[in-house]
> 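Got a structure for you, questions after.
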Amino acid sequence: MADSTLKVTTTEAPKENRVGLKATDYSGGKSTLCAGCGHDAISNQIIRAFYEMSVKPERVAKFSGIGCSSKTPAYFLSRSHGFNSVHGRMPAVATGAMLANHQLLGIGVSGDGDTASIGLGQFMHMVRRNIPIIYIIENNGVYGLTKGQFSATADEGSKLKTGVINDLPPMDLCALAVELGCGYVARGFAGDPKQMINILKGAIAHDGTAVIDVISPCVTFNNHEGSTKGYQYAKEHQELLQQIGFVQSYEQIEVEYEAGTVKEVELHDGSRILLKKLEEDYDPSDAVQALQRLHRAVEAGQMLTGLVYLKPEKKSFLKQLNMVDDPLWSLSQERTRPSREALDEIMRDLM
Ligand code: SF4
């Protein structure tokens, strides 16, 4: 287990932001994730983005579901509101919270298991309604918290360390979000902080659902096959005295590459992924092009990163509902309860 407070990488930034807060005012509790887990790198960038954008932590509401990724809101913005919901049900909780108080800035952190399987219906309706929330999927293709089974985003033909081959095609959550009309769709890599910080800042400024799919390696299910010190060997030969575990510590992977280029990245288990960064002059306002590029990248065996689709004029759910300016939670009973005359009129209409 890691035992370190997440780093706040703000060396060039001023000590205090526009609301008079320091970077440390945006940190959270100590991470209990495996050392080197991509999710911690994402939390670092969330801390930095909210600090540099001068968002008061008390204005932020953090939401999550279940999984390793869903533990992470505890590791950033400890002064913010937080709600850890049940598996796959975070969008419903976030929808209620954002309707009750539209002055909050919502951020949800989910995983590929939480979003692409049990929570897929909720995810789709959240996007369709355009609930104003930053929705991050920390995507590693496995259920890390339950020992690494394939999730619905695992690539076809990929192999678990148990030797099981995934024979189902992956679900592309960016393509799905574009298809559902999401106004802000981006993909990042946990090891590319320069790109990640800008994607996050854009999402903070966006009014509506911002879907950010982040490739975030799970380091724990990587130990070598055949090793006599590996989990598998130990499990087969051990005599169990008690339930105890050890997780190898890994360095976080960090990459830097130019827009428009492809970068091959070796993960901790020796497998490789190809990241393709969108060109500087890529036009993210074209949904057809966005879907084409996502599909072409899959055909080329690449993961497309960057701001894939942007439609800022799309009305958020709150605007569609024509909500009153005051948050619903603050309205008095006199303003929310229909008058006796209004109720009588409804009753007459029903007769
Ligand atoms: Fe991260 Fe995988 Fe460890 Fe979960 S099991 S904390 S996803 S490295």
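Atoms within each ligand, like the ligands themselves, are counted from 1 in listed order.
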> Which of the atoms in ligand 1, numbered in the order shown and given with their element, are less than 4.0 Å from a heavy-atom of His39?
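Within the 4.0 Å cut-off of His39, ligand 1 contributes 7 (S).
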> Report, in ascending order of atom number, the atoms of ligand 1 lying under 4.0 Å from any heavy atom of Val219.
8 (S)
> Do Thr72 and Ser64 have side-chain heavy atoms sitting under 4.5 Å apart?
no
> Is there a side-chain contact between Leu180 and Met124 (heavy atoms, below 4.5 Å)?
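Contact flag for Leu180/Met124 side chains = yes.
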> For atom 3 (Fe) of ligand 1, does an N/O/S atom of Cys37 lie at less than 2.8 Å?
no
> Is there a side-chain contact between Leu21 and Tyr51 (heavy atoms, below 4.5 Å)?
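With C-beta onward as the side chain, the pair stays apart.
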> With the side chain counted from C-beta on, respond yes when Ser216 and Phe189 share a heavy-atom pair under 4.5 Å apart, and no when they do not.
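No; the side chains remain at least 4.5 Å from each other.
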> Between Cys68 and ligand 1, find which residue part has any heavy-atom pair under 4.0 Å and reply side chain, backbone, both or neither.
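Side chain only; the backbone of Cys68 stays clear of ligand 1.
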> Enumerate the atoms of ligand 1 whose separation from the nearest heavy atom of Cys218 is less than 4.0 angstrom.
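Checking each atom against Cys218, I get 2 (Fe), 5 (S), 7 (S), 8 (S).
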> Would you say Asn140 touches ligand 1, if touching means a heavy atom closer than 4.0 Å?
yes
> Considering only NZ, NE, NH1 and NH2 on the basic side and carboxylate oxygens on the acidic side, decide whether Lys263 and Asp192 come within less than 4.0 Å.
no
